[in-house]
A.B. asks: 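Right, I'll just put the structure down here and ask away after.
Chain letters run A, B, ... following the sequence lines, proteins first and then strands; every chain starts at 1.
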Amino acid sequence: MNRYPLWKYLLMSVALVVALLYTLPNLYGESEAVQVSSARATVKVDDALKARTEAIVKAAGITPEGVQFDGSSIKLRLRNAEEQIKAKDEIQTKLGEDYSVALNLLPRTPSWLTKIGGKPMMLGLDLRGGVHFLLEVDMKAAVDKALEKTAGEVRRELREKKIRYGRISRDREQVEVQLRDAATVEAAAKAVRRVLPNLTVTEMKEGSFKIVVSYSTEALSQLKSDAVKQNLVTLHNRVNALGVAEPVIQQQGEGRIVVELPGVQDTAKAKDILGRTASLEVRLVDEDAGKLEQALAGAVPPDTVLLYERDAKGGRAILLKKDVELTGDNINKAATGFDQNNQPAVDLRLDAAGESIMRQISRENIGKRLAMVLVERGKGEVITAPVIRSELGNQFQITGSMSQQEANDVVLLISAGALAAPMTIVEERTIGPSMGADNIDKGLRSTLYGFLAIAAFMVVYYRMFGVVSAVGLATNLLFLLAGLSLLQVTLTLPGIAAIALTLGMAIDSNVLINERIREELRSGMSPQAAISAGYEHAWATILDSNVTSLIAGIALLAFGTGAVRGFAWVHCMGILTSMFSAVFVSRGVVNLIYGYRRRLTSIAV
Amino acid sequence: MIEFFHVKRDVPFMSYGKLTTAISLVTFILAVAFLVIKGLNFGVEFTGGTVLEMRYEQPADLGKVRDRVDALKYGESQVQAMGTTRDVMIRLPNIKDKTSAQLSNEVLAELKKDDAKVEVRKVEFIGPSVGDELVTHGLMATAFVCLGIIIYLAIRFEWRFAVSAVIANMHDVVIILGFFALFQWEFSLPVLAGVLAVLGYSVNESVVVFDRIRENFRKPEMRGKSVSEVIDNAITATMSRTIITHGCTELMVLSMLFLGGPSLHYFAMALTIGIVFGIYSSVLVASPLLLLFGLTRENMVKPVVVKEEAVV
């Protein structure tokens, strides 16, 4: 009765082997690495750069152990800290400030393990040191800004259509326009609906005559999510400039953004860079070829600036007029679209002030080029410089031979110019690297000693069954670590505490089983029958008690943030793995020990 | 075979009902009183503010540090040792127009006047809006745990079991909080997580006893026994397991308390208290409550419906 069918043993061994495989990556440790990523939004990292950095390092007499390119950054694995610093300096001087070069640590996981998806656990900031920011996007400001623009657009449209209007007021989430009579209300509503199709326009003809322009709930939530998205993009660009090895920038909840910068100690600098604004400028191109030559020769004519086009290969030089015609603030929206020939294009929409300027300069400069310049860290770069084909209004397109990817890039860059809405830091945490190392050390040590104490007690008290329980507990730990590594759950100090606590609680299942077996023996059952009945009777209780623990774990997961979530993840996973290991695996071991003995007269429990 | 608890006869736990209820009531009322009078010493996550953890090369002179911090005139600030004499924790209130980076730099500059080798180990700044949210979330989580457990136990057993288990364990939670209020230990997020985990864990304990009670009701040899005798038997039978399990969990928790460093200290403390009172309450609070709610055999064992067969 105490024999598993073959498939159960197989399942057990497969589970153990898999768990062992995925726990392994945690044991290899980390090796020193240098990471190269783009420092500016306009600079791309690609395979060519990979070859270039490799060549630079080799020229310096260092052979990297491995070079990886993961789409956004290049990582060179090196043998020691000395090589790492040397390589970093070498790459930084050769590549220049367009790229940020950071020191990093890469897991030393063998490639065969990486191929099957084996990765070490991710460590939280409290374990490896760094800065954590929680930023709150000021949604009210975002809505205000949008309404301000809407009011301007409404005013301009009415003026253009020669509709007499009274006061235009902005009231919380809507814009009200006072009008004279029912006829103007209709005319005004029609005109506004045409230019602002996304908004709800309500006509009021009873008592007072007015139209109310408001955002529908969807439009409002769209507006908010756009604001957060744009801020995320901008933050990404800025964090890249910091040269942080593995930054985390994520939306949290409706209007919050988490920024985690491992390894960064200088919070003041980090904050300065996060809060900085890059800006977009629109300038006219000076088409005089002679002046350009002069400028390239070193003598930039007065009233002009020499800038370069954004291009991986260095880019063409463009001479621009010094006057800034428009700024990013005048651009309400940039989006990708299609031109008449169904080619990718960039659609831009300007605000009222921008429109009147654009109308004027485009009328006077047909056939000339207009440059969009992104100014970041005091340095300007031409994103695109299209030719003005006709007089332009508040909506226009940039067309021309560009791929979808290029159109997306231009939109991203134009949008990156400014934050959609101001942000405030509502939470900040800095953990020094020594603190992180301390936390790992103390957390692991207390778990280890706790585990050993429990195992020792179990072996002494329950003898053979205690050994089995300890084995069950160890496999539980193995499954838990494998699960955490496989799911890439970020391990934090509360997470380590949860591992310890879960182990301490998981032993309950084995105690229940062992006590039950003793009891069955006492009531006169044969050893084999007692084992079988013990496991069977204990199972219902184990299930019940684990479900109640799981309810608490899930509640923590649902309502917790930060530290609590890290704890809850591990706790929930631990409960699940403990049921498997304490019941299924420990029974398997007991079966192997006792199940095949013919005349079993006593068992060590 | 080593056996700590080999009890031949059932211990008449239920006859101690009056005594245990009295003890529970007194501790409960004391805990509530401490909570009301002293209140919880909420961590910075809840109250908002800035916490700095500094490390000195030599044991730090707390008085000097305090004077330095007071000289900065930030308002109500706290300076205390953390675990070792070299680690100092400084807690500052939220200050308008000053970012936490500015604050920490100012404090560091001030402290370096006494000892140039002081190192900032950790800075934590929490804005006021976050704190309020955490409190609501904490309360919601607690409510969810209670409700979830009540529903599960009501389905699996009976409402009397569900309600007694939750009352017994809420009593634990209040006592843990009472301790935190009495000693003014810092109540932080991990502590809250610990308290809720204990809530789930202590309910286990009640579940194990309840399981036994249900099993006993179904056993033929228990048929003649009264409800309180049945409960006594269930508690006695599971007592050994209760002590051993909790002892093991406690071993782990104590290991965290002593070896886990200051970051885990109060978390482990909450668990230690929770586990000790968990044993007591699930055995000696939950079970008398069952009696109080009028548990009978019929609640657990469905009467066998005798089929009436018509004989034609």
A.B. asks: With chain A, which of B:His246, B:Glu53, B:His137 has the greatest number of heavy-atom pairs at distances under 4.5 Å?
C.D. replies: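 Looking at each option in turn, the highest pair count goes to B:His137.
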A.B. asks: Using a strict 4.0 Å threshold on nitrogen-to-oxygen distance, state whether B:Arg55 and A:Asp438 make a salt bridge.
C.D. replies: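 Yes.
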A.B. asks: Side chain from CB out, backbone as N, CA, C, O: work out which of these in A:Ala540 comes under 4.5 Å of a heavy atom of chain B, or both, or neither.
C.D. replies: both
A.B. asks: Can you name the nearest heavy-atom pair linking A:Leu556 to B:Ala193, along with the distance?
C.D. replies: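 Heavy atoms of A:Leu556 and B:Ala193 come nearest at CD1-O, 3.9 Å.
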A.B. asks: Can you say whether A:Ala453 sits under 4.5 Å from chain B via the side chain, the backbone, both, or neither, judging by heavy atoms?
C.D. replies: both
A.B. asks: Measuring heavy-atom distances to chain A, does B:Glu205 have an atom under 4.5 Å in its side chain, in its backbone, in both, or in neither?
C.D. replies: neither
A.B. asks: Shorter than 4.5 Å, heavy atoms on both sides: which option in A:Arg516, A:His537, A:His571 has the most such pairs with chain B?
C.D. replies: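 Highest number of heavy-atom pairs under 4.5 Å: A:Arg516.
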A.B. asks: Taking side chain as C-beta onward, heavy atoms only, is B:Leu196 less than 4.5 Å from A:Phe567?
C.D. replies: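 Counting from C-beta outward, B:Leu196 and A:Phe567 never come under 4.5 Å.
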A.B. asks: Would you compute the distance between atom CG of A:Leu452 and atom CE of B:Met252 and round it to the nearest 0.5 angstrom?
C.D. replies: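 That separation rounds to 9.0 Å.
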A.B. asks: With chain B, which of A:Leu501, A:Ile507, A:Leu448 has the greatest number of heavy-atom pairs at distances under 4.5 Å?
C.D. replies: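 It is A:Leu501.
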A.B. asks: Supply the atom-to-atom distance A:Ile454 CD1 to B:Thr249 OG1, rounded to the nearest 0.5 angstrom.
C.D. replies: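 Between atom CD1 of A:Ile454 and atom OG1 of B:Thr249 there are 6.5 Å.
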A.B. asks: Any idea which heavy atoms bring B:Val208 and A:Thr541 closest together, and the distance?
C.D. replies: CG2-CG2, 3.5 Å
A.B. asks: Please classify the contact between B:Phe210 and chain A as side chain, backbone, both or neither, with a heavy-atom cut-off of under 4.5 Å.
C.D. replies: neither
A.B. asks: Is the NZ atom of A:Lys140 crowded by more than 12 outside heavy atoms at less than 6.0 Å?
C.D. replies: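 Check fails, neighbour count at 12 or below.
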A.B. asks: Before accepting this row, confirm whether a basic side-chain N of the pair A:Glu519/B:Arg212 lies closer than 4.0 Å to the acidic partner's carboxylate O.
C.D. replies: yes
A.B. asks: At a heavy-atom separation under 4.5 Å, does A:Phe451 approach chain B through its side chain, its backbone, both, or neither?
C.D. replies: both
A.B. asks: Just verifying a value: how many Å separate A:Ser545 OG and B:Asn204 CG, rounded to the nearest 0.5 Å?
C.D. replies: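 Between atom OG of A:Ser545 and atom CG of B:Asn204 there are 4.0 Å.
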A.B. asks: State, yes or no, whether a side-chain contact exists between B:Cys248 and A:Met458 at a heavy-atom distance under 4.5 Å.
C.D. replies: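 The answer is yes; the side chains approach within 4.5 Å.
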A.B. asks: Heavy-atom distances under 4.5 Å only: say whether B:Leu257 touches chain A with side chain, backbone, both or neither.
C.D. replies: neither
A.B. asks: Is there a side-chain contact between B:Ile126 and A:Glu428 in this structure, where contact means two heavy atoms from C-beta onward sitting under 4.5 Å apart?
C.D. replies: no
A.B. asks: B:Ser255 side chain to A:Tyr449 main-chain N or O, any donor-acceptor pair under 3.5 Å?
C.D. replies: no
A.B. asks: So which part of B:Glu250 gets closer than 4.5 Å to some heavy atom of chain A, the side chain, the backbone, both or neither?
C.D. replies: neither
A.B. asks: Where is the tightest heavy-atom contact between A:Arg445 and B:Leu259, given as atom of each residue plus distance?
C.D. replies: O-CD1, 4.4 Å
A.B. asks: Less than 4.5 Å to any heavy atom of chain A: does that hold for the side chain of B:Tyr201, its backbone, both, or neither?
C.D. replies: both
A.B. asks: Find the distance between CZ (B:Phe144) and CD1 (A:Ile554) and round it off to the nearest 0.5 Å.
C.D. replies: 7.0 Å
A.B. asks: Between A:Phe457 and B:Ile244, is the side chain to side chain contact (heavy atoms under 4.5 Å, CB included) condition met? List the steps.
C.D. replies: CA-CA 9 Å; A:Phe457 171 79; B:Ile244 290 167; 3.6 Å; yes
A.B. asks: What's the spacing between A:Leu512 CG and B:Arg241 CZ if we round to 0.5 Å?
C.D. replies: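 Atom-to-atom, A:Leu512:CG and B:Arg241:CZ are 4.5 Å apart.
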A.B. asks: Kindly compute the distance separating OG1 (A:Thr447) from CG (B:Leu264), expressed to the nearest 0.5 Å.
C.D. replies: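 Answer for the OG1-CG pair, A:Thr447 versus B:Leu264, is 8.5 Å.
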A.B. asks: Go through the atoms of B:Val253 and report whether side chain, backbone, both or neither lie under 4.5 Å from a heavy atom of chain A.
C.D. replies: side chain
A.B. asks: I need the residue from A:Leu503, A:Asp508, A:Val511 with the largest number of non-hydrogen atom pairs under 4.5 Å to chain B.
C.D. replies: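 Ranked by heavy-atom pairs under 4.5 Å with chain B, first place is A:Asp508.
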A.B. asks: Where does A:Glu515 contact chain B at under 4.5 Å (heavy atoms): side chain, backbone, both or neither?
C.D. replies: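 For A:Glu515, the contact with chain B is made by the side chain alone.
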A.B. asks: Against chain A, label B:Leu199 side chain, backbone, both or neither, depending on which of its atoms sit under 4.5 Å from a heavy atom there.
C.D. replies: neither
A.B. asks: Quick check on A:Asn439 against chain B: is it the side chain, the backbone, both or neither that has a heavy atom closer than 4.5 Å?
C.D. replies: side chain
A.B. asks: Classify the side-chain pair B:Tyr152/A:Asp544 by whether it contains a donor and acceptor separated by less than 3.5 Å.
C.D. replies: yes
A.B. asks: Is the shortest heavy-atom distance from the side chain of B:Phe125 to the side chain of A:Thr430 under 4.5 Å?
C.D. replies: no
A.B. asks: Given a strict heavy-atom distance threshold of 4.5 Å, which part of B:Leu254 is in contact with chain A: side chain, backbone, both, or neither?
C.D. replies: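 For B:Leu254, neither part sits under 4.5 Å from chain A.
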A.B. asks: Chain B heavy atoms under 4.5 Å from A:Asp441: which part of the residue, side chain, backbone, both or neither?
C.D. replies: neither
A.B. asks: Can you see which heavy atom on B:Ser263 is nearest to which on A:Leu493, and at what distance?
C.D. replies: CB-CD2, 3.2 Å
A.B. asks: Can you name the closest pair of heavy atoms from B:Ala197 and A:Met505 and give their distance?
C.D. replies: O-CE, 4.1 Å
